[in-house]
Amino acid sequence: MGQVISVIERPVTAKGLRKEAFPNEKRVRKYIFDEEYASLGLLSSLVPFSHRQATLLYPGCGSDILFPLFYLDRLFPQVENVHYIFIDIQPCLGLIKTILDDVGVSFKEKKNSIDFYWKGKLIQVDFIRQDVFSALPTLPEFDIYFERAFRIMKDSCAQYEPFIISKLKKNGVLISDSGFSQFPLERLPVDQRLGAYGEMIIGKKK
Ligand SMILES: C[S@@+](CC[C@H](N)C(=O)[O-])C[C@H]1O[C@@H](n2cnc3c(N)ncnc32)[C@H](O)[C@@H]1O
């Protein structure tokens with residue numbers, strides 16, 4: 001029978017920061033399709049980046065807290081501290097907290113922000129509930145851009161991709177499963193099985 005992944009939001013108590021609490025791999029696996037998990041192994045053939053600190057922007061994040069972490073594990077092994085800016089029109093932070101709690105990651109919270117350790121790295125998430133296209137002029141610069149399953153949404157905004165590239169810092173890294181093919185990025189030779197559309201791109205801004 002096919003694999004089904006469902007998440008039901010429940011009230012979760014913030015238990016505070018615990019650097020030593022690593023995620024429970026078995027429970028993490030329940031949140032990812034077997035095929036997708038296997039394809040993440042394809043990232044290990046790529047030369048990793050050397051960032052130690054980074055700001056990561058993820059528009060249209062939904063409740064997907066885990067995928068950017070999987071990429072962080074494999075592509076940014078030296079990173080110690082990451083500021084995530086998650087943007088979505090839906091209120092997704094409750095689901096994100098439920099998922100973290102399910103996989104055994106303890107966090108501290110403040111309004112629309114949560115901080116937690118992921119395998120010893122400090123992750124600080126600011127969740128912004130907003131239409132990313134209207135938020136474009138107010139976006140800060142970032143070191144990593146992460147996008148997944150947002151192709152249809154950005155189709156309606158021709159300025160979106162050029163704007164994202166302009167806000168990506170020099171030597172910043174773009175990770176997207178669609179678009180951005182026309183920009184002069186230093187592209188890594190990624191296997192197209194990593195993305196659903198056959199357009200997967202991982203590139204560094206020169
Ligand atoms: C197909 S889901 C992908 C979610 C997540 N990236 C993933 O891979 O699981 C698209 C997400 O984009 C969000 N979204 C749609 N239009 C948006 C907009 N204009 N600004 C920000 N988020 C938007 C939706 O609420 C939804 O969470």
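Counting convention: from 1, in listed order, for ligands and their atoms alike. Note that the structure is predicted; figures quoted are calculated from it, not measured.
Arg52 and Glu80 are joined by a salt bridge, as a carboxylate oxygen and a charged side-chain nitrogen come within less than 4.0 angstrom of each other. Ion pairing of Glu109 with Lys97 is present here, as a side-chain N (NZ or NE/NH1/NH2) and a carboxylate O approach within less than 4.0 Å. With salt bridges taken as basic N to acidic carboxylate O contacts below 4.0 Å, one links Asp64 and Arg148. A salt bridge does not link Lys121 with Asp73: none of the charged nitrogens is closer than 4.0 Å to a carboxylate oxygen.
Screening Tyr145, Phe146, Phe127 against Tyr58 for a ring-ring contact (aromatic ring centres under 6.0 Å, His included) leaves a single residue, Phe146.
Counted by atom type alone, Asp101 and Thr98 present zero donor-acceptor pairs between their side chains at under 3.5 Å.
Within 4.0 Å of ligand 1, counting heavy atoms only, the contacting residues are Tyr58, Gly60, Cys61, Gly62, Asp64, Asp88, Ile89, Gln90, Gln130, Asp131, Val132, Phe133, Arg148, Ala149, Phe150, Met153.
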